[in-house]
J.: 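The following block contains the structure, expressed as C-alpha cells.
Just so we're on the same page: letters track the sequence lines, and every chain starts at 1.
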Amino acid sequence: MEDNIDVEAGENPFQPYLDALWKELEHQDPIFIIGIIFSLAVVVISFVLFKYFLSSKTVQSAVLLVGLCDSGKTLLFSRLLSGKFKKTQTSITDNSAPYKAKNEKGSSWTLIDVPGHDSLRPQYVEKFKSAARAIVFVVDSAIFQKEVRDVAEFLYFLLTDSAVSRNVPSLIVACNKQDITMAKSAKLIQQQLEKEMNTLRVTRSAALGTQDGSAGSSVHLGKKGKDFEFSQLPMKVEFLECSARGSKGENGQADIGSLEKSLANL
Amino acid sequence: MLDFFTIFSKGGIVLWCFQGTGVTESFTGPVNALIRSVILQERSGNNSYTHDALSLKYKLDNEFELVFVVGFQKILTLTYVDKFIDDVQLHFRDRYKNVLEQKGALTLLNSHFAFEDDFKMLLREAEESSKARGPTSMRSFNASLKSQKTVKSMIETKGGDKGKEQGGKKNKNAKKEAPAAEPVKGEKAKAPTSAQKTVENGNQGLTKEEIIQKKREEFIRKRMGAPVEKPSKSPKPAKEKPKGKEKRVWTLGGSSTKELDYSQSNGNGAHAAGDHGLDAQADPGMQLSSMKGDLLAVDYESSEGDEEEEEEDAVERVVVADTSKKIPKKGAFGGMFGMLKGLVGSKSLSQEDMEPVLDKMRDHLIAKNVAAEIASQLCDSVAKKLEGKVMGTFTTVASTVKGALQDSLVQILQPKRRVDILRDVLEARSQRRPFVITFCGVNGVGKSTNLAKISFWLIENGFTVLIAACDTFRAGAVEQLRTHQRRLNSLHPPQDHGGRPIVQLYEKGYGKDAAGIAMEAIAYARNQAFDVVLVDTAGRMQDNTPLMTALAKLIAVNMPDLVLFVGEALVGNEAVDQLVKFNQALADHSMSDKPRLIDGIVLTKFDTIDDKVGAAISMTYITGQPIVFVGTGQTYNDLRSLNARAVVGALMKA
C-alpha cells in the first residue's frame, strides 16, 4: 500500500509539468516541432556516420611491403603501381598509394612501402601494423644465406606482435631478385626459415626483459613440442618467387605475375 | 667536374639523375652509404660526407620530401658546389611545383622530370662564376706598404720598434705630423673611444697612409699619457717593458732544494699515474710497510685538473643557461602573437622559428645528462630535417620540433643490426668454437660485476662458461672472479649439468701479460668445448697510452666475437671522450685494415639515475653501436635489455 502511494507520489510531481509541456507543444506551430525533431535526427545520424567512418579507418585496408634493407621493396612498389622501372635509393620514409587489384571485383586498397633500415623499421611497422590486412614480406633470394638470421628475426618479430596476432593478416613471402642466377628457390627459403624460427622460439623467449619491467610479447608461434612449420600459424602463409627488375633488365617487364595473382586473391 | 647529381624522394624513388662524362660506376652505393651514416644517424648538421675517393654534399628539401645529392672527386676542391646545390634546389622546386605539391607516390612514379637542360645551364653558370674571380694581379713595389717604411725602421731593436718606426715616419712626413698632432692634442680631452673604435673596425676601409696616421696619433696620445677608457692592450706591456723581468715566485715550490730530495721518503704519494703500472706489479714486496703512519694527502696535480674541468663545465652550463634566458625575454611579446599566428593556417618552418625551441630542447637534454656537444649536434640535425617543412593547422612549432626530436632519439637508440647473443652463441656452438666476449672500459664502471651477471644469464640458458681473468693488475681481481665462479656453481651445481662445473675460471695470477692469458684461455675453451668465454680486462683511463696499446693488442691478437665497452650511466661529457679514445686506440694499434672496434655497449648502474638517462644517447650516438645490456643493480638478476621508447620517454619528460 505504501509502495503504491509512493509511486503515485513520484509520478504526481512530474505530472503537472508534463501536462504543461504537452499543452505548450500543442500550442506551438507543428512545423516548429517537426523542425526540432528533424534537427535532432540529423544530429543523431551524423554522429552515427562519424563514428562509422572513424572506425572504418582502422579497418584493415592496407597491404604492407616489408623486408630487410635492399631487398627490393621500393622497386616492387613502383612495378606494381606503374609497371615502370625506377632507380631507387634507401628509403627514409614510407611510400603509400592506392592500388587496384587485378581481379574481377576491381577492389582497391592502399599499398604501403615501409623502409627496411633497422633503425627506422620498428617505428614504421608500429605505425602501420594495425591497418594491415596482408603483409608482403620481401626477401632478397640471392644473399639469403648470409642474412637468414636477420630475416628470421624480423619475421619472428612481426608474427609475435600483438596487433598482428590479433588481426591475423595473410602473409605472402615474396622471394625477390630471382633474376640473379644464385637466387634460392622459394621452397629452400621456406625450409631454412622454418629451421631458424624454431631456434628463435627458444632464444627469444629466453631473452632479457627490458629495464622498465615490460617483458616481450608472450605469443608462442606454432605448436609446442613440435618443430615449427608455417602451416601451424593461424594466418594464411604463401611463398612465391618474383623479380622486380625482370629478366630483361631495366627496360623489360618485371616477373611479378604470381605476386599480382596473390594480391588479387586477397 | 661533377661525378654525379641525384634528386630522389625521401621514400627512395629517384626522380632525376645525372652522371658526369667518363664516370662508369653507379652512384647508388655511395649515396646509400651517405643516407645510412649521415641522415639516419642524425649527423646531418654537417652537410658533406666522404666515401672512398668521392666527396658527397647533400641538401634536404623538407617541404616536398626530396633529397639532393652531388658527388665529386675528393681531391678536387670545388668552391661553387654549395651555392650550386641551393640554386638547383630552388630551380627544381619552382619548375615542378605543381607536380610536387600533389604529394603522392603515384605522381612521382608516373611523372618524368626532364631537367637536363636546366641543370646544364645552372652548372655552366656556377662554373663560370667560380672562374670569374680571376687571379689577383700582384701589387707593384710603389703601391706596397714596404716602400713607405724606411730601412732604419725595419731594423728591430730591443727598446721596442714602435719608437723607431715613429721616428722614421716623423722624419719622412714632418709636415703631415704637425697639423695632425695639434688636433690630436685637442682631442685628448675628449674620450678617445671614437678613435679607438675606428681603429678597431675600420682598418679595412682606409688606405695605408691613413692607417699609419691613425696609429701615429694613437702613439702620440699614449705618450702624452691621456686617460684611455676603452682598454687597449698595448699601453700596459709597453709600460711594463722598461721595468725588466721580475723574479717569479712559486708558492708551492719551497725555498731550498733539500725539499726536493725524496730519496728518504716512501714511494706511494710521489709516483705519477702512469709509472706504477709495471714497477709495483713486478715487486709486490715493495708495497709492504709503505702505508705505515698517516695517510698522505691526495695528489694535487690530478685533483686540480679535475676541479678545473668541473669549473669549466659549470661555467659553460651557466653561460648556456644565461643566453637561453635572454632570448625569450626579447621575443616574448612578439612570440605571443607569433604563436597565435602559427596555430592557424599552414606555415613553413624557418630557422628563426625553431631557434628558441631548439635552444630550450638543447638545455633540457643537457640537464638530462646528454653530453653537451652531442646535444647541440642533435639539435642541428633536427633543425636541418625540419627546415622548410610545412606544418599542419593547429600544430605549434614546439610540438613539431619535439616530435621530430623524439623520433630522432628513438632512431638513434634502435640497434642498427640484430642483437641476439643467444642465437650467436648457438651459431658458434654449431661451428665447434667458443663465443668470445671481451669487456673493456675505464676504472670502476662495473666490468667484473656485469660479467658475473651475464655469465649467470648464460648458464641459466644452459651454456657452459669460461671466465678468463685477464685483469692481472688490480689486487683482488682474480679472487673476485673466483668468488663469483664458486657462487654460480653453487647456484647451478655440476650434478645438474652432467657432472661438469658449468662455470670455470681460467687465471694465471698477477703480473702476467693479459693478451697471452686470453689466447691460452680461448685455446683451453676450444679443447674443453666451452660455449662462451668471457674475458675480463683491467680498467684503464682512455688517455693512458701504454695501457690502451695493451688493450688494443689483446683485441687484435685474439679477435673476439664481441667487444663490449662497459660504461656507467652516471657519466656525463666524459662518455664522449672515453669512447672516442677507446675506438681510436683500437683502430690505430690493429695491424689489419679492418680493425675490430667496439661492437656494443653495456650500460651499468642504471638504477642510480632516475630519469637522467642521457648517457645512453651520448654513447650510442658516438659509436653508432647498440646498447646490448643494461645493468640495474648489483645482484645476479639485475640485467636487462634496452627499451628505446621507455628511455626516450624518460628523456623527453619535463
Side-chain angles (χ1 to χ4, degrees), chain A residues 68-70 73-75 77-84 86-99 110-123 126 147 149-154 156-157 196 199-200 202-216, chain B residues 6 8-15 17 26 28 31-36 39-41 65 67 69 104-110 407 410-418 420-427 457 460-462 603 606-607 629-630 632 639-647 649-650:
Chain A
L68 290 185
C69 209
D70 272 349
K73 301 179 290 295
T74 312
L75 183 56
F77 178 81
S78 158
R79 286 290 204 188
L80 280 172
L81 283 175
S82 67
K84 286 195 220 161
K86 284 266 178 187
K87 280 202 185 142
T88 57
Q89 303 285 160
T90 308
S91 313
I92 312 174
T93 59
D94 58 302
N95 290 317
S96 69
Y99 174 74
T110 328
L111 188 63
I112 303 179
D113 163 33
V114 170
H117 189 87
D118 306 73
S119 10
L120 296 173
R121 210 194 298 152
Q123 31 182 359
E126 188 74 31
E147 288 185 335
R149 277 173 277 160
D150 302 304
V151 172
E153 204 214 12
F154 185 20
Y156 182 87
F157 163 71
E196 248 328 284
T199 330
L200 271 180
V202 176
T203 59
R204 277 282 128 180
S205 52
L208 297 166
T210 56
Q211 87 269 2
D212 55 346
S214 63
Chain B
T6 35
F8 56 94
S9 73
K10 280 192 180 172
I13 301 170
V14 173
L15 299 179
C17 67
S26 136
T28 331
V31 178
N32 276 341
L34 169 79
I35 296 174
R36 282 176 213 175
I39 301 179
L40 286 178
Q41 285 193 30
E65 310 259 306
V67 184
V69 180
L106 213 50
T107 49
L108 294 178
L109 286 176
N110 290 329
D407 286 338
V410 172
Q411 208 175 296
I412 291 173
L413 283 179
Q414 290 288 358
K416 274 153 209 56
R417 56 155 218 271
R418 189 180 51 95
D420 191 354
I421 308 276
L422 293 177
R423 183 68 191 86
D424 294 337
V425 174
L426 281 173
E427 184 73 23
W457 175 59
E460 290 264 285
N461 286 304
L603 193 63
F606 204 76
D607 51 323
F629 296 110
V630 178
T632 52
L639 189 65
R640 302 271 179 274
S641 70
L642 187 78
N643 181 351
R645 291 210 167 264
V647 169

J.: Identify which of B/Asn461, B/Val410, B/Val425, B/Asp607 forms the greatest number of heavy-atom pairs closer than 4.5 Å to chain A.
T.: B/Asn461

J.: Under the side-chain contact (heavy atoms from CB on, under 4.5 Å) test against B/Leu422, which residue among A/Thr203, A/Thr199, A/Leu200 passes?
T.: A/Thr203

J.: Distance from A/Ser91 atom OG to B/Asn32 atom CG, nearest 0.5 Å?
T.: 9.0 Å

J.: What part of A/Gln123 gets closer than 4.5 Å to chain B, counting heavy atoms only: side chain, backbone, both or neither?
T.: both

J.: Under a 4.5 Å heavy-atom cut-off, does chain B meet the side chain of A/Ser96, its backbone, both or neither?
T.: backbone

J.: Nearest 0.5 Å please: distance from the CD1 atom of B/Ile13 over to the NZ atom of A/Lys87.
T.: 14.5 Å

J.: Hey, what do you get for OG (A/Ser119) to NZ (B/Lys416), rounding to the nearest 0.5 Å?
T.: 4.5 Å

J.: Tell me, do B/Glu65 and A/Ile92 make a side-chain contact under 4.5 Å, heavy atoms counted?
T.: no

J.: Could you tell me which of B/Leu426, B/Val14, B/Leu639, B/Ile421 has the largest number of non-hydrogen atom pairs under 4.5 Å with chain A?
T.: B/Val14

J.: So, taking the atom named NZ in B/Lys10 and the one named OG1 in A/Thr90, what distance separates them when rounded to the nearest 0.5 Å?
T.: 14.5 Å

J.: Does A/Glu196 come within less than 4.0 Å of B/Arg423, counting only side-chain N to carboxylate O?
T.: yes

J.: With a 4.5 Å cut-off on heavy-atom pairs, point out which of B/Leu413, B/Thr6, B/Thr28 contacts chain A the most.
T.: B/Thr28

J.: With a 4.0 Å cut-off, would you call B/Arg417 and A/Asp150 a salt bridge?
T.: no

J.: Would you give the length of the straight line joining atom CD of B/Gln414 to atom CG of A/Asp118, rounded to the nearest 0.5 angstrom?
T.: 9.0 Å

J.: Find out whether A/Cys69 and B/Arg36 are in side-chain contact, i.e. whether some heavy atom of one side chain is under 4.5 Å from a heavy atom of the other.
T.: yes

J.: Using non-hydrogen atoms and a 4.5 Å limit, figure out which bit of B/Glu460 sits close to chain A: side chain, backbone, both or neither.
T.: neither

J.: Just so I understand: if I count every heavy-atom pair under 4.5 Å between each of A/Arg121, A/Lys73, A/Arg149 and chain B, which residue has the most?
T.: A/Arg149

